[in-house]
Amino acid sequence: MKSKGAAILAAKCPKCHKGNVFPVSLFSFRKLSKVNAHCPHCGVSLEPEPDFYYGAMYISYALSVGLLINVMIILNFFFGDPDLWVYLVSVAVANVLLLPVMLRYSKVLYLYVAGKLRYDPSA
């Protein structure tokens with residue numbers, strides 16, 4: 001997998017683009033936020049420092065705000081100006097449904113941006 005975008009979408013290691021960042025699938029809720037300590041393919045550390053992934057909260061917050069804005073725009077476009085409870089319920093349901101996806105991709109994006117790991121085709 002040579003494309004950086006494809007590797008991010010597949011949650012692959014930023015160094016080799018082959019090993020998985022997460023040990024379990026997206027639909028396994030037991031260890032949803034667990035990250036592999038090392039890449040299973042190239043062995044690079046996927047936890048560059050202790051508590052590294054706390055910074056992913058900022059990306060998760062940005063994803064939640066983007067979701068809020070998109071849900072509000074969609075509701076206004078399709079339903080005119082619905083009541084306040086419709087907004088609240090819609091945003092809450094969308095956040096609960098997309099929580100696993102946002103949690104994982106915030107960590108993957110943070111690892112790619114702040115992890116200081118560059119793609120090495122020979123890895």
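Looking at residues two or more places apart in sequence or on another chain, you find a side chain to side chain contact (heavy atoms under 4.5 Å, CB included) between His41 and Cys16, Lys18, Cys39. For Phe22, there are no ring pair (Phe, Tyr, Trp, His ring centres under 6.0 Å) partners at least two apart in sequence or on another chain.
Hydrophobic cluster membership for Tyr54: Met57 (Ile, Leu, Val, Met, Phe, Trp, Tyr linked by side-chain heavy atoms under 4.5 Å, directly or transitively). In this structure, Leu84 belongs to a hydrophobic cluster whose other members, linked by side-chain heavy atoms under 4.5 Å apart, are Leu88.
Taking 4.5 Å as the limit, every side-chain heavy atom of Tyr119 sits out of range of all side-chain heavy atoms of Lys4. Under the 4.5 Å side-chain criterion, counting only non-hydrogen atoms from C-beta, Val35 is not in contact with Pro23. Annotation: side chain of Val21 is not in contact with side chain of Asn36 (no heavy-atom distance under 4.5 Å).
Here CG of Leu117 is found 7.0 Å from NZ of Lys15. Values are rounded to the nearest 0.5 Å.
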When the side chains of residues 58-73 are checked against the rest of the protein, which donor-acceptor pairs come out under 3.5 Å, sequence neighbours left out?
residue : atom : partner : partner atom : Å
Ser64   : OG   : Ser60   : O            : 3.2
Asn70   : ND2  : Gly66   : O            : 3.0

Could you tabulate the donor-acceptor pairs under 3.5 Å formed by side-chain atoms of residues 90-115, not counting sequence neighbours?
residue : atom : partner : partner atom : Å
Ser90   : OG   : Val86   : O            : 2.7
Asn95   : ND2  : Val91   : O            : 3.4
Arg104  : NE   : Leu32   : O            : 3.3
Arg104  : NH1  : Val24   : O            : 3.1
Arg104  : NH2  : Val24   : O            : 2.7
Arg104  : NH2  : Ser25   : O            : 3.2
Tyr105  : OH   : Leu9    : O            : 2.5
Ser106  : OG   : Met102  : O            : 3.1
Ser106  : OG   : Leu103  : O            : 2.8
Lys107  : NZ   : Ser33   : O            : 2.7
Tyr112  : OH   : Lys12   : O            : 2.9
Tyr112  : OH   : Cys13   : O            : 3.4

